[in-house]
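Beneath this line is the structure, given in structure tokens, with notes to follow.
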Amino acid sequence: MESIGVLMICPMNSYLEQELDKRFKLFRYWNIPQTQQFLKENSNSIRAVVGNSMAGADAQLIESLPKLEIVSSFSVGLDKIDLNKCKEKGIRVTNTPDVLTEDVADLAIGLMLAVLRRLCECDRYVRKGLWKTGDFKLTTKFTGKSVGIIGLGRIGTAIAKRAEAFDCPISYYSRSEKADTNYKYYPSVIDLASNCQILVVACSLTPETRHIINREVIDALGPKGVLINIGRGPHVDEAELLSALVEGRLGGAGLDVFENEPEAPEELFGLDNVVLLPHVGSGTIETRTAMADLVLGNLEAHFLNKPLLTPVV
Amino acid sequence: MASIVLYLNNSAKDITFPLLEDRFQFLNPNTSSDSSFSSLAGTVRILLCVANSPVNSETLDKYPSLECVVGSTTGLNHIDLAECRRRGIRVTNAGDAFADDAADYAVGLLIDTLRRISAADRFVRAGSWAVKGLFPLSYKVWGKRVGIAGMGSIGRRISKRLQAFGCSIAYNSRKPKANISFPFYASVQELASNVDILVVCLALTNETRHIITRDVMKALGKEGIIVNIGRGSLIDEKEMVKLLVKGEIGGAGLDVFENEPVVPQELYALGNVVLSPHRGGAVPESLLRLQEIMIANIEAFFANKPLLSEIELE
């Protein structure tokens, strides 16, 4: 398979990169100064694209790769891939579901605890030598707080299970009510936000869910409410979020994702009631290795005419 | 006759208990005038110990009619319990006032340490994400083996929470607990040898001082993590700092230290260490609950009824 051209869109994982390099003819898109030129010259040898949550395969790229057979995403989210275009052209698409569910759910709860109990702020307080001047203030209780989950899929369900262990009542919003759950369903995000103290975004990003967290939802969540985003940056109207946090209309936020990664709004850096993470939801050694193995496994299966491991299209 | 309670605050903390001030008459050695104080000192039967105000033989000698000490903390290492026992003085603590919040905090510190939450937050705030790119990979929480040193009311709550993260639980305490089905290890050394994460929530006594030795920490291994929400002196802090600096254990989440508020400066540079200024129980609801428990203890005492959160003195 060493002659099969694989285009890796951006740096994402050195183990994955090394393995792709060993097994295929790897092109590193981010190192190419003149991409138009490169695509003209190499499009006939590129049969696979490997993308992630930051960059994947949009219509333009797909059109410029006539020999493209498979897009294998190093992510579970598919918002950076033009799925309709892939379907149209018979291009297979795979992602990395399940292997990252636990990590993302662990981090969602970690963010809740970090925001409510001010873990990062406490750590800063100690490191600045301020403990010698006096005790840090009281923080906010987590046990028993009501948690509202947008999207009760694999990740949303895993978050719910963990929050239940802290006696948190669980409610959710999704496109349709789930039959096999005892959690309270709300038919709109505003209803959900009005009835919970911690709101978690755990749905996939589609045109319908873009800015699902808007000013109305933020106001419904309120000055004691906390927003946790482990979905995608564009789920949240970031400008509205910022002004709500600065003005005290929202109590706090734990954010792993932003509209324009790796840029996070600098205005957030000075706020004490937020925790800001550089999209590390699945960023553990164990999980990224498992994700990489899925990407490699899917590519190999495809080129050996075997069933794909985790096909989406 | 109003219920007189000796209010002892020789801690560095400026704490008040408004709910108690309405109900009881406080006798405060720091503020009472000499004349009224000396007559009452001989007859006062119950003492409220604020924060970690020391209660030792010298204290007890001043109040010969004392029958009960009401603590306002979970840990009572600042009270000479052996001396209380010798004098037939009963002691109560904060009961479960801080238990849920301490358990939440332990889990939060654990996740923060393994997943590098505080370190990653610093990375973003420094503007490094856009410049340096990918933040280094951290360690999975799900499925890790957790050892709880001290399976009291806090240890139990920590276990319940961590099970939801797929963690397996094992524990050490002085004796196996009748209604706990997790594997029991007779020593912290054995416990540490069989887990990935050690959570310390023991009471600090003469027997448990520095119970977490260098050998115990080394048994956790290079990727092992220690979380301490008990008391700083449960761990040999000097040895722990050396091991962390040399990378011989994987990291630590610490809410307590041997000499608070002093924190070893060598820890400041470490990204695998989370530092916290003893805030494990510090939420408004727990302070409210604490006052309810102290009121219940004091009222029970004066009514000759069983105390709510009496500690068994050995």
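Computation of the quantities below employed the complete heavy-atom set of this structure, encompassing side-chain atoms and omitting hydrogens, waters and symmetry-equivalent molecules. None of these values were measured; they are calculated from a predicted model. Lettering of chains follows the sequences in order, A, B, ..., and the numbering in each one begins at 1.
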Are side-chain heavy atoms of [X] and [Y] found at a separation under 4.5 Å?
{"X": "A:L276", "Y": "B:F123", "value": "no"}
{"X": "A:N13", "Y": "B:L137", "value": "yes"}
{"X": "B:D121", "Y": "A:V274", "value": "no"}
{"X": "B:L275", "Y": "A:W131", "value": "no"}
{"X": "A:C120", "Y": "B:I117", "value": "yes"}

Heavy atoms only, distances under 4.5 angstrom: which of A:M112, A:E164, A:K137, A:E266 has the most pairs with chain B? Name it, please.
-> A:K137
Leading residue by heavy atom contact count with chain B [cutoff under 4.5 Å; candidates A:R124, A:K132, A:H279, A:R118] | A:R124
Is the backbone of [Y] close enough, under 3.5 Å, to the side chain of [X] for a donor and an acceptor to pair up by distance?
{"X": "A:R117", "Y": "B:R279", "result": "yes"}
{"X": "B:R115", "Y": "A:D103", "result": "yes"}
{"X": "A:R127", "Y": "B:Y268", "result": "yes"}
{"X": "A:E102", "Y": "B:W142", "result": "no"}

Distance in Å, A:K161 NZ paired with B:Q163 CD, rounded so as to fall on 0.5 Å steps | 14.5 Å
Does the pair B:R157 and A:D167 meet the rule for a salt bridge (Lys or Arg N to Asp or Glu O under 4.0 Å), with working shown?
-> CA-CA 11 Å; B:R157 285 164 170 80; A:D167 296 333; over 6 Å; no
Chain B contact via A:F136 - which portion, at a heavy-atom distance below 4.5 Å = both
